[in-house]
Participant: 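Here you go, one structure.
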Amino acid sequence: MPSKSFIVNINHKIRPFNKVIEVDSDKSISIRCFLIGAISQNISRAKNVLESEDVYSAIECLKKLGVKIKKNKKKDYTIYGKGLGSLFAKKNTVLNFGNSGTLARLLIGILSTTDNIELKIRGDHSLNRRSMRKLINLMSEFGATFLPKNKFQFPLKMISTELPIAINYRAGVSAQLKSAVILAGLNSYGTTTIIENEKSRDHTENILKLISNAIKIRKDKKKFILIEGKKTLNPLNIKVPGDPSSAAFFVALTLLNENSLLKINNVGLNPTRTGFYRILKKGGASINFFKMKKENNENVGNILVRSSKLKPLKVSKKYYVNSTDEYPILFVIAGLTKGVSTFNGISDLVNKESNRIKEMQNVLRQVGIKSFSFKDKLKIYGRGMIDASNKKIIVPNLGDHRICMSSFILAILTGAKTKIRNFDTVYTSSPSFLEIIRNLGAKFEIQK
Ligand code: S3P
């Protein structure tokens with residue numbers, strides 16, 4: 001059940017802090033554990049999973065498709081796998097993906113090549129406005145049908161193919177599309193071949209490598225992912241690390257707040273996810289990774305971050321794919337760092353939970369930070385740290401968790417009197433955000 005809607009009001013600046021925290025578990029890996037566990041043989045186990053709205057949507061959808069999932073204790077689940085090609089629900093059952101693009105695209109990947117599927121598919125108001133055109137075109141290549149024809153937004157009807165045949169695909173910046181093709185390929189006849197033009201997050205590949213020889217990765221100049229269809233998947237047993245995208249908000253806060261220091265333990269530091277940290281280090285940030293280890297094919301470690309004097313950020317296109325979710329908070333950092341920051345190659349942000357370029361420009365404008373966007377580029381005229389206690393920020397209901405959290409950080413750094421509507425959307429990815437930020441000393445009020 002989605003949590004009840006509430007507003008967060010902020011009217012205080014945060015003071016210096018020196019703390020050790022852990023952040024919520026990784027959303028991408030948690031959703032993948034449930035989806036892949038469901039199509040694996042036998043009994044899988046996922047520990048330290050994220051208990052957030054997006055993950056609950058994944059569990060609900062899988063239950064509708066006949067998968068048994070048991071909660072053992074907090075963050076610890078058993079998934080009774082049905083095996084490849086065995087998910088099923090009565091004709092015209094409605095699957096609701098909630099706010100989650102990842103769940104939508106990956107599960108549609110699985111279902112497109114599962115025999116005998118005819119379902120209604122939809123999401124919440126934010127997901128229903130996002131384009132599924134690229135996904136629909138790809139899944140149509142496998143043989144699936146989406147109705148009505150030429151409509152590319154939910155709600156839709158999907159009908160799977162009875163004869164799924166492997167495809168060839170040149171993957172771009174989207175890990176969701178790449179993963180959807182990988183998962184569709186698992187139950188197709190023949191070998192699905194993906195050439196990766198961009199190195200997007202590789203959690204799907206990392207999990208599959210642990211449990212099957214259906215996946216082969218070849219590295220030449222480019223990465224090739226080969227998926228041999230109709231091979232079994234063994235059960236998985238995974239412990240999920242902390243989410244580097246959830247950690248990013250606290251890292252940004254520490255860098256910009258004066259005299260502050262923060263240690264964040266047990267964070268996933270897969271290099272396909274740490275573009276944000278590389279961008280900031282290049283801009284002079286004091287951020288260090290330590291106690292690095294490998295767990296279930298994923299890098300995990302601790303982060304130490306200190307208040308830093310930053311240079312304006314010059315973020316070229318090549319960073320996009322490894323910092324996809326961090327642009328809203330990067331825009332806040334740019335706005336509070338003196339000088340002109342530029343972000344290139346960011347056009348995909350318009351199809352996220354909201355149009356993140358436009359919406360963050362709206363937020364920054366309210367505290368007098370100018371920005372200018374053209375084609376796939378954004379320029380932000382950073383003012384340095386400002387006192388905005390005479391200004392107001394209002395964030396409308398966009399259904400975008402990262403806009404809410406970025407605006408929150410901007411508010412407690414500048415003192416702007418801020419009202420963030422439907423803050424409950426933050427529970428899609430980071431249910432502990434308010435508790436952690438309170439522990440760091442932030443003051444706020446919840447209005448129901
Ligand atoms: C995700 C991939 C990214 C990211 C999203 C999670 C994933 O989306 O923005 O939050 O888990 O694969 P795209 O692949 O559409 O860029």
Side-chain angles (χ1 to χ4, degrees), residues 2 24-39 46 49-62 65 79 87 95-112 121-124 126-136 138-139 153-154 156 158 171-184 186 198 200-208 238 240-246 248 268 270 272-273 298 320-328 348-349 351-354 356 399-402 425-431:
D24 284 303
S25 300
D26 193 276
K27 178 154 75 91
S28 288
I29 301 179
S30 297
I31 293 175
R32 283 162 172 80
C33 283
F34 284 103
L35 295 179
I36 298 174
I39 53 167
V49 294
L50 175 66
E51 291 185 320
S52 77
E53 294 299 336
D54 280 5
V55 178
Y56 294 145
S57 298
I59 294 175
E60 278 314 303
C61 287
L62 289 170
L65 292 160
I79 307 139
L87 301 186
L95 279 193
N96 191 338
F97 308 119
N99 190 254
S100 178
T102 304
L103 171 62
R105 296 197 175 91
L106 273 59
L107 187 50
I108 290 171
I110 292 174
L111 294 172
S112 289
I121 48 180
R122 56 164 301 135
D124 70 1
S126 149
L127 190 60
N128 288 348
R129 64 155 271 285
R130 297 172 70 177
S131 171
M132 294 291 146
R133 183 188 286 266
K134 289 179 183 166
L135 178 80
I136 288 174
L138 280 168
M139 294 304 122
Q153 283 157 313
F154 297 137
L156 290 166
M158 75 162 290
V173 292
S174 172
Q176 293 180 356
L177 292 175
K178 175 182 69 174
S179 298
V181 171
I182 293 175
L183 295 170
L186 287 173
E198 308 272 353
S200 62
R201 67 186 71 187
D202 57 1
H203 306 305
T204 307
E205 296 93 303
N206 290 343
I207 294 176
L208 288 174
I238 284 181
V240 181
D243 197 319
S245 299
S246 297
N270 179 323
T272 64
R273 295 287 300 280
E298 293 284 349
Y320 179 79
V321 69
N322 300 148
S323 45
T324 321
D325 293 330
E326 280 61 80
Y327 282 89
D348 267 35
L349 293 181
N351 198 33
K352 293 292 176 192
E353 283 83 333
S354 70
R356 286 185 172 162
D400 190 333
H401 51 137
R402 298 197 202 279
T425 194
V426 167
Y427 290 174
T428 56
S429 70
S430 198

Participant: From Leu50 CG over to Cys33 SG, what is the distance, rounded to the nearest 0.5 angstrom?
Facilitator: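 Between atom CG of Leu50 and atom SG of Cys33 there are 11.0 Å.
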Participant: Is Ser323 reaching over with its side chain to a backbone N or O of Glu326, donor-acceptor style, under 3.5 angstrom?
Facilitator: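 Judged by distance alone, no pair lies under 3.5 Å.
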Participant: Step by step, would you call Arg356 with Asp325 a side chain to side chain contact (heavy atoms under 4.5 Å, CB included)?
Facilitator: CA-CA 10 Å; Arg356 286 185 172 162; Asp325 293 330; 3.9 Å; yes
Participant: Restricting to non-hydrogen atoms, name the atom on Ala46 and the atom on Ile79 that form the minimum distance, rounded to 0.1 Å.
Facilitator: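 Scanning both residues completely, I find the closest heavy atoms to be CB-CD1, 4.3 Å.
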Participant: Does any N or O in the side chain of Ser179 come within less than 3.5 Å of the main-chain N or O of Ala175, such that one atom is a donor and the other an acceptor?
Facilitator: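 Flag set: sc Ser179 to bb Ala175 pair under 3.5 Å.
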Participant: In terms of side-chain geometry, is the basic nitrogen of Asp400 or Lys352 positioned less than 4.0 Å from the acidic oxygen of its partner?
Facilitator: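 Looking at Asp400 and Lys352, the cut-off is not met.
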Participant: With sequence neighbours excluded, tell me which residues meet side-chain contact (heavy atoms from CB on, under 4.5 Å) with Asp124.
Facilitator: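 Asp124 satisfies side-chain contact (heavy atoms from CB on, under 4.5 Å) with Asn99, Ser126, Leu127 once adjacent residues are dropped.
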Participant: Could you grab the distance from atom CG of Leu107 to atom CZ of Phe97, nearest 0.5 Å is fine?
Facilitator: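 Separation between the atoms: 5.0 Å.
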Participant: Could you tell me if the side chain of Leu183 sits less than 4.5 Å from the side chain of Ile36, heavy atoms only?
Facilitator: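 Answer yes - side chains close enough.
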Participant: Is the closest basic N to carboxylate O distance between Arg273 and Asp243 below 4.0 Å?
Facilitator: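 Asp243 and Arg273: salt-bridged.
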Participant: Of all residues at least two apart in sequence or in a different chain, which pass the salt bridge (Lys or Arg N to Asp or Glu O under 4.0 Å) check with Arg105?
Facilitator: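 Arg105: no salt bridge (Lys or Arg N to Asp or Glu O under 4.0 Å) contacts found.
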Participant: Are any non-hydrogen side-chain atoms of Ser25 and Val49 less than 4.5 angstrom apart?
Facilitator: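 SC-SC contact between Ser25 and Val49 ruled out.
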Participant: Look at the side chain of Asn351 and the backbone N and O of Arg130, then say whether any donor-acceptor pair between them is shorter than 3.5 Å.
Facilitator: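 The answer is no, because no donor-acceptor pair under 3.5 Å joins these two groups.
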Participant: Flag the pair Arg201 and Asp26 as a salt bridge only when some basic side-chain nitrogen lies within less than 4.0 angstrom of an acidic carboxylate oxygen.
Facilitator: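 The answer is no: the pair does not qualify as a salt bridge.
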Participant: Going from CE on Met132 to CE on Met139, what distance comes out if it is rounded to the nearest 0.5 angstrom?
Facilitator: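 Result: 12.0 Å between the selected atoms.
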Participant: Please identify which of these residues, Asn270, Ile207, Val240, Ile238, meets the side chain to side chain contact (heavy atoms under 4.5 Å, CB included) condition with Glu298.
Facilitator: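 Running side chain to side chain contact (heavy atoms under 4.5 Å, CB included) over Asn270, Ile207, Val240, Ile238 with Glu298 returns exactly one hit, Asn270.
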Participant: Any chance the side chains of His401 and Ser429 put a donor and an acceptor closer than 3.5 Å?
Facilitator: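 Result is yes, a qualifying pair exists.
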Participant: If I compare all heavy atoms of Leu87 with all of Ala38, which pair ends up nearest, and what's the gap?
Facilitator: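 Scanning both residues completely, I find the closest heavy atoms to be CD2-O, 4.2 Å.
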Participant: Any heavy-atom pair between the side chains of Ile182 and Glu205 that's under 4.5 Å?
Facilitator: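 Of all side-chain heavy-atom pairs linking Ile182 with Glu205, at least one is under 4.5 Å.
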Participant: Does a side-chain heavy-atom distance below 4.5 Å link Leu95 with Leu65?
Facilitator: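 Side-chain contact under 4.5 Å: yes.
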Participant: Just by distance, with hydrogens left out, do Ser52 and Asp54 show a side-chain donor and acceptor under 3.5 Å apart?
Facilitator: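 Their side chains do not contain a donor-acceptor pair, so the 3.5 Å distance test is not met.
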Participant: Let me confirm one number: the CG-CZ distance from Leu103 to Phe34, rounded to the nearest 0.5 Å.
Facilitator: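 Interatomic distance, Leu103 CG to Phe34 CZ, rounded to 0.5 Å: 11.5 Å.
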Participant: Measure the spacing between CD of Gln153 and CZ of Arg122 and express it to the nearest 0.5 Å.
Facilitator: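 These two atoms lie 13.0 Å from each other.
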Participant: Quick one, Asp202 and Lys178 - any side-chain contact, counting heavy atoms below 4.5 Å?
Facilitator: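 The answer is yes, as the side chains (C-beta and beyond) meet within the 4.5 Å cut-off.
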Participant: Is there side-chain contact between Arg32 and Leu208, with at least one heavy-atom pair below 4.5 Å?
Facilitator: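 No, too far: nothing below the 4.5 Å cut-off.
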Participant: Determine the minimum heavy-atom distance between Thr272 and Ser200, stating which atoms define it.
Facilitator: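 Result for this residue pair: CG2-O, 3.7 Å.
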Participant: To the nearest 0.5 Å, what is the distance between CZ (Arg402) and OG (Ser354)?
Facilitator: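 OG of Ser354 is found 11.5 Å from CZ of Arg402.
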